[in-house]
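Taking it in order: structure first as structure tokens, then the write-up.
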Amino acid sequence: MSDRRLDRRLRTFHTCIEALFQAGSEQELLQSICDTLVTGGEFTLAWIGYGEDDPGKTVCPVAQAGHGRDFLEDATFSWGGEARGQAPAGTAIRTGKACWVDDIRTDPSFSPWRTAALAHGYASCMAVPFIAGAFDLHGTLNLYSVERHAFDQSTLEHFAGLATCVTRAVMALRGHLADDLTSGVSALRASEERKRAQEALQQAHAELAHVTRVMTLGELAASIAHEINQPLAAIIADANACLHWLDADRPPLDAVRETLTAIANDSNRAAEVITRIRAFLSRSSVPYGPCDPAEVIRGVLPLVHPELRRHGIILETSLASDLPPVMGDRVQLQQVLLNLLMNAAEAMREVLPERRRLVVRSTVEHRDDGPWAVVAVEDAGVGFGQDAGPRLFDAFYTTKPGGLGMGLSISRSIVDAHAGRLWATANPGHGATFHFALPGMR
Amino acid sequence: MTLPTEPIGSIPRPPALIEGLRGFEGGRISQRELHTLYMSAVQDTIERFEATGSPVITDGEQAKHSFATYAIHGLETLAPDGVPIAFADGHIRVLPRLTAGPFRYKTPADVYLDLARQYAHVPVKQAVSSASALSLLYPQGGIRGYSREQYLQAVMAELEGEIRRCLHKGAHVVQMDFTEARLSIRLDPTRRLLESFVDLNNLVLERFSADERKRIGVHTCPGADRHSTHSAEVDYAELLPSLFELRATNFYVQLASEPDRERVLKLIRTHAKDGQRIFVGVIDPLDPRVETPEEVSERVFQAAQYIPVDRLGTTDDCGFAPFSDDTSRTRDTAFAKIRARVAGTALATTRLGLD
């Protein structure tokens, strides 16, 4: 081989080696190798074929470059043992060894394709199998030249070396296909599972919160029944009075009108209590929206009022008129406040009647990040000892006989979910104050 | 009880439509004219489908470019030089390659369903691409600023939305085409690629409730196109254990063209899970000869020896023209084969004492 030809081949190989490292996919690599080999000027056609396991044992072209692509479209090569398997392409796959045809015009192994090959100007060809150690791609690199006797043992060894490198690169790319997808899918799987776990936790939390709301209202049932019963009794009495008046020859219509108005007011009062209860018991969790803390307080106080009255507890309120709106779930925040009020009432049940005083206070705190709404529930009950302080918000911690110990734990979860804070302080005299602070809407 | 029977999806396009597609690509006819050809082909296909007596039909995928790329055909963020799929007869189909994000569908399957339901009088089944097939669009070298995870997330979101809309719009069943399952074993004999495919598709399927999944199926075959396939040489024993890990209810499994059907049925019996219904392929679209109803009946009867009849159904091995330019089969042959499937399944129903 002339120095010039060797130099040209080395340059071609250099470009091929670059492709081994740059190709993003198997197809890109194989096509790049074919393109480079034809551009190098030594060959007129370069193609790569893979052996199929079909009945005909077809050698299927997967990449090609150069003159005479239609030759490949019409030609059928096989890697089986019959006549169509005797060309270098099939033989190299079948035997795992490189081989060549010196002269297409005369070589009997190429007779099925001779006419077409000569029409395209091919005079000789060579096939090199893609094998690297234990890896066999079951394919060949096929090179066609316009010169007879263009191939020899040294050429074969050069291209066998290239084929080995290509084989290793293809195996690496195939591995990457699985690796890339596996890593992508694993990341997705982990992210989906985190999302599902979070959803399950939220669902469990919502269910638990609902159960505790039901339980809290169960504790209030007697008082609420009384609260509803009162207007109902008044309605009945007023209705009877109206009926009685209407029996008269000249009914006192002004009195009837006034009484019917009272009936309507009492009906509205009872309906309002029921509406509040139904809203409070709603199961569905709603997306957070703008929420007025003053409205939260106003919604809860009527529910707890009868219970406080029943136990002789005086309720005092000191409510700021400029509380900032917060982002949240009104029902959940009502649940927090109701829980604190019920705990306060419970704490004062055993103390002297004159000490039974409960204060609900709301204030605005201006912090670095803006205004916060702070709500405090102050009682004069039995308070909590130093030991109990850190455990107050633990799940299942309770000082109440028959209590579940979930109320404060759930309340803290709710407030945390609102990016707020719930805490307790012991009062200087008697009892405790529970506070929750919520950031105003930004 | 009647054994359910369903088609896979595609029917060869009428010559006028194929010519019209060429005309449109060559700029000789307008989008509007092409749409008229689509409508006409869908209408004719549905009429002929219903005439076969098939209790469930499809639109024959008349307006789809291909079973795998219908949703993305025409997107500007695709290059034509993606993963090549070599078929046994030597021809190659090349998947497109994604060149940039974000990824969105151009024409989701429910658009085709809307069109079909305008003409249909019986339940319509809708085939969709799989997340695993679409995963092959992402280049191995990556895309700057658009990671593989971002792409897969987008694929899953598009696919979920597409399936939900199809279910909501009344598709009898939504069938995810998973022909790359068998191909993946050819590409990666270690089966890691297959495991990733299954996991990815499950991430989509798990977004649906158990009730919704009763109307979702998966189709597997060795990828018929023209006169050949891309992965028939892959042994079902390599595929089926993983395939039945998919969280779908219905499985449409190519069987008629298998050289040893009994062996495959034994594999199905071993690996299919309770609650999974297996629609076995009783028609070979690649075989130019039209099967007789008796042959079909015999195939069903054989399958019933291995699959409980309350979990058995019949189907075609594959679509009759998964790619729009495939003219290897005629419409007449496709409908004659479907008629044979329907009649043969009815015969088998009687023979099994189910009616």
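Nothing here was measured: the structure is a model prediction, and the numbers come from that model. Per chain, numbering begins at 1; letters A, B, ... match sequence-line order. Atom set for the values below is all heavy atoms of this structure, side chains included, hydrogens, waters and symmetry mates excluded.
- Around the CZ atom of A:Arg11, the shell of radius 6.0 Å holds no more than 12 heavy atoms that belong to other residues, nucleotides or ligands.
- Heavy-atom contacts from other residues, nucleotides or ligands closer than 6.0 Å to NZ of A:Lys97 number 12 or fewer.
- Among B:Leu200, B:Asp199, B:Val94, the residue with the largest count of heavy-atom pairs under 4.5 Å with chain A is B:Asp199.
- If you take CD on A:Gln27 and CG on B:Leu95, they are separated by 11.0 Å, rounding to the nearest 0.5 Å.
- In this structure, chain B has a heavy atom under 4.5 Å from the backbone of A:Glu26, while its side chain stays farther away.
- In this structure, the portion of A:Ser191 lying under 4.5 Å from any heavy atom of chain B is its side chain and not its backbone.
- The number of heavy-atom neighbours closer than 6.0 Å to CZ of B:Arg289, taken from other residues, nucleotides and ligands shown, is above 12.
- Scanning both residues, B:Ser196 and A:Leu181, for their nearest heavy atoms gives CB-CD2, 3.9 Å.
- Between B:Glu206 and A:Arg189, at least one side-chain N (NZ, or NE/NH1/NH2) sits under 4.0 Å from a carboxylate O, which counts as a salt bridge.
- Nearest heavy atoms, B:Glu149 versus A:Leu188: O-CD2, 4.1 Å.
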